[in-house]
Amino acid sequence: MTPPVRVRFAPSPTGHLHVGGARTALFNWLFARHHGGAYILRIEDTDRSRSTEENIDSIVDALRWLGLDWEEGPPTAGYRQTERFDLYREHASRLVAAGRAYYCDCPPALLDEQRKAAEARKETFRYSGRCRERGLTAGALRLRVPDEGTTVVNDLIHGAVTFDHRQLDDWILVRSDGTPTYNFCVVVDDVTMRITHVIRGNDHLSNTPKQILCYEALDYSVPEFAHMAMILGPDRSRLSKRHGATSVQAFRDAGIPADAMVNYLARLGWSHGDQEVFSRAELVELFDIKAVGASGAIFDHTKLEWLSHQYIKTMPAAPLAALVIPFIERAGLAVPSDRSRLAGMLDTLRERAKTLVELVEVGRFYFERPRQYEAKAAAELFTGAGPARLARLVTALEAVPEWTAPALEGVFRVLTEALGLKLVDLAQLTRLAVTGRTASPPIFDVLALLGREETLARLGAVPAAGAST
RNA sequence: GGCCCCAUCGUCUAGAGGCCCAGGACACGGCCCUCUCAAGGCUGAAACACGGGUUCGAAUCCCGUUGGGGCCA
């Protein structure tokens, strides 16, 4: 029997969760869910100078928003590296006792000198091994690495990657000041948390042979590894702040639905035939770590927005309303109390917006009367025959027996005919008067949703020719 | 600098020797639909980095070059 799958996402709380980290988290989560395993969140906060509580909260908040729930991790104690120093110490002692690690007191100056010499010879710097057999009992703790041979990383994405021991050296597990190094903490954490699959960024592939040697020295079995390519900026360099918004909450604030974000991130480096849109259940069912690509992918905002649009367009009314309401409020607008009316409004808006922010913007006129009118259009439509046509319209609308979109359309068509105009003439005039704009959802739907009273009020509030901005 | 990874349309990718003079999606152009804007439908342009092999046959396998990225410093 293979042991149950246990994976982890281990961010450093030195900033917000960015999209690269979010994708790593997502792939781990999908892998766990697909295999019915456990997903663990671990906070790698050994860099105390840059780790903050705010950042931990922010990362947790971002993961929750994305819906990547974990079985083990904060707020439960014991999932932060700063709470685990006893474990690191304990494992260090074990390595010393077993003779697999030794203390070293080489002064930094000497090491620097050797490093420079190696560089001059165009060779990889390797620790000389000066302290290997000196039997010291204090100093920096180094792992004994064989001089000869190779270590092979059997990577689920890259296949077998071989590292020559001559390129590795007796790396430091614990610094002379007693603090454990990153690679050592990771190994101890992963073994003590019984992690079966380490799924992480490509940037750790080069560290992996060192870690494998450490697992072996500790006499632990080595987990499976999968190193995924990183997310790149448009210039193909590693995605960073200078490429614009990269934090997960920036996308939430921009009105991207979490499901769309997840869908986009999943498709970045992974695919399933020609399918582009995946429900979460489909993602869990179809995800296969072996189908993850080995090459880096550029983060494409445009495609993310397209996916966001797909979700907004097809989502059922109630969840869409739940997502939109905070954005209506944030814009300082009034949320219609009648939920079915709101749903009707959203139905006319959803295919016109790529984000929730945009949706509120294009539907602004539903939530408040136009405060201004598009100047160029107003100058053309509210002059000449405009006012007279509006008056005729008001009269006709006052008499409409049934205030529905089809009935309204009928009235418009009859009046259009009578005035010898085209439908577009009256439609645009009305649109501008009612929404302040020349583009909106179908005007009859808009009027129906606004209601007779509000429509007539807006038609009557049109400014005198030339008085608009 | 040493080592490691990567390389199909502008972008995300399909492709695991013949199904490919390379398919889908985003973005872009055109046409249609149409009360505006969208959405939708149809359609167009657009790629196997380069050079050697292996093979009857290579985007697919091997080697090298170039380019990009990463790790160590």
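Each chain gets a letter, A, B and so on, in the order its sequence line appears, and its residues count up from 1.
Taking atom CG of residue Leu423(A) and atom P of nucleotide rU34(B), one finds them 12 Å apart after rounding to whole Å. Across the protein-nucleic acid pair, Asp445(A) atom CG and rC35(B) atom C1' stand 11 Å apart, rounded to whole Å. Atom CG in Leu426(A) sits roughly 17 Å away from atom C1' in rU34(B) (whole-Å rounding). The nearest whole Å value for the distance from the CG atom in Asp169(A) to the P atom in rG2(B) is 18 Å. The CG-P distance, from Leu447(A) to rC35(B), rounds to 15 Å in whole Å. rC4(B) atom P lies 15 Å from atom CD1 of Ile212(A), rounded to whole Å. At whole-Å resolution of the value, CD in Glu417(A) and C1' in rC35(B) are 15 Å apart. The distance from atom CG of Leu349(A) to atom C1' of rA38(B) is 11 Å, rounded to the nearest whole Å.
Considering only residues two or more places apart in sequence or on other chains, Arg23(A) meets the side chain to side chain donor-acceptor pair (under 3.5 Å) condition with none of them. The side chain to side chain donor-acceptor pair (under 3.5 Å) check on Asp259(A) picks up Arg280(A), with sequence neighbours excluded. With sequence neighbours excluded, the residues satisfying ring pair (Phe, Tyr, Trp, His ring centres under 6.0 Å) with Tyr182(A) are His204(A). For His16(A), there are no ring pair (Phe, Tyr, Trp, His ring centres under 6.0 Å) partners at least two apart in sequence or on another chain.
Residue pairs meeting the salt bridge (charged side-chain N to carboxylate O under 4.0 Å, His left out) criterion with at least one member in residues 303-312 of chain A, sequence neighbours excluded: Glu276(A)-Lys303(A). A side-chain hydrogen bond (donor to acceptor under 3.5 Å, both in side chains) check over residues 310-321 of chain A, counting only residues at least two apart or in different chains, returns the pairs Asn263(A)-Tyr311(A).
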Could you list, one pair per line, each protein nitrogen or oxygen that sits under 3.5 Å from a nitrogen or oxygen of nucleotides 69-73 of chain B, together with the distance?
unit_1  : atom_1 : unit_2    : atom_2 : d
rG70(B) : N2     : Ser206(A) : OG     : 3.4
rC71(B) : OP1    : Arg238(A) : NH1    : 3.4
rA73(B) : O3'    : Arg115(A) : NE     : 2.4
rA73(B) : O3'    : Arg115(A) : NH1    : 3.1

Under 3.5 Å between N/O atoms: give me all the protein pairs with nucleotides 42-46 of chain B, atom names plus distance.
none

Can you name the atoms? Protein N/O to nucleotides 49-51 of chain B N/O, anything below 3.5 Å, with the distance.
none

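The side chain of Phe163(A) approaches rC3(B) more closely than any other nucleotide in the set rC12(B), rA14(B), rC3(B). For Ala297(A), taking side-chain heavy atoms from C-beta onward, the closest of the listed nucleotides rC12(B), rC5(B), rA7(B) is rC12(B). Taking the side chain of Glu351(A) as heavy atoms from C-beta on, and the options rA39(B), rA14(B), rC12(B), the nearest nucleotide is rA39(B). In the set rC35(B), rG2(B), rC4(B), rG2(B) carries the atom at the smallest distance from any side-chain atom of Gln167(A).
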Legend entry - Base versus backbone protein contacts along nucleotides 18-28 of chain B [heavy-atom cut-off under 4.0 Å; B, S, -]: -----BBBSS-

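Among the protein residues, Pro234(A) comes within range of no part of the nucleic acid, since none of its heavy atoms lies under 4.0 Å from any strand. Base engagement by Ile443(A) is indicated by at least one non-hydrogen atom pair under 4.0 Å involving a base atom. Across all strands shown, Lys313(A) has heavy atoms under 4.0 Å from sugar-phosphate atoms exclusively, and none from any base. Among the atoms of the strands shown, none is found under 4.0 Å from any heavy atom of Gly293(A).
Taking the ring centroids of Phe251(A) and His301(A), they lie under the 6.0 Å cut-off. For Phe287(A) and Phe27(A), the distance between ring centers is under 6.0 angstrom.
If you check the side chains of Asp164(A) and Thr162(A), you find no donor sitting under 3.5 Å from an acceptor.
The shortest side-chain heavy-atom distance between Leu342(A) and Ile325(A) falls under the 4.5 Å cut-off. Side-chain contact check for Gln275(A) versus Arg267(A): every heavy-atom pair is 4.5 Å or farther apart. Thr181(A) has its side chain within reach of Arg175(A): a pair of non-hydrogen atoms, C-beta onward, lies under 4.5 Å apart. In this structure the side chain of Ile172(A) never reaches within 4.5 angstrom of the side chain of Phe184(A), judged on heavy atoms. Taking 4.5 Å as the limit, some side-chain heavy atom of Tyr366(A) sits within range of a side-chain heavy atom of Val446(A).
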Sequence neighbours left out, cut at 3.5 Å: what donor-acceptor pairs do the side chains of residues 407-417 of chain A make with other protein atoms?
unit_1    : atom_1 : unit_2    : atom_2 : d
Glu409(A) : OE2    : Arg413(A) : NE     : 3.1
Glu409(A) : OE2    : Arg413(A) : NH2    : 2.8
Thr416(A) : OG1    : Phe412(A) : O      : 2.5

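If you take atom P in rC50(B) and the same atom in rG67(B), they sit 15 Å apart, rounded to whole Å.
Judged by Watson-Crick or G-U wobble contacts below 3.5 Å, the nucleotide rG67(B) has rC6(B) as its partner. Base pairing of rG40(B) is made with rC32(B), judged by Watson-Crick or G-U wobble geometry with both donor-acceptor distances under 3.5 Å. Remark: rA59(B) base-pairs with no nucleotide; criterion is Watson-Crick or G-U wobble with both hydrogen-bond distances under 3.5 Å.
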Inset, instruction - Quick one: do Glu361(A) and Arg437(A) satisfy salt bridge (charged side-chain N to carboxylate O under 4.0 Å, His left out)? Show the steps, please. - result: CA-CA 12 Å; Glu361(A) 192 41 47; Arg437(A) 302 174 189 179; 3.3 Å; yes

Inset, instruction - Run the numbers on Arg389(A) and Asp425(A) for salt bridge (charged side-chain N to carboxylate O under 4.0 Å, His left out), then give the verdict. - result: CA-CA 10 Å; Arg389(A) 288 173 186 171; Asp425(A) 298 319; 5.6 Å; no

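Ion pairing between a basic and an acidic side chain is recognised when a charged N comes within 4.0 Å of a carboxylate O; Lys376(A) and Glu374(A) show no such pairing.
Applying the 3.5 Å distance criterion, the base of rC35(B) shares a donor-acceptor pair with the side chain of Arg431(A).
Contact check of residues 404-416 of chain A against RNA chain B (heavy atom, cut-off under 4.0 Å) returns Arg413(A).
Where His309(A) and His272(A) each meet RNA chain B at their nearest nucleotide, the meeting point lying more 5' is that of His272(A).
For His158(A) and rC6(B), the shortest distance from a side-chain N or O to OP1 or OP2 is below 4.0 Å.
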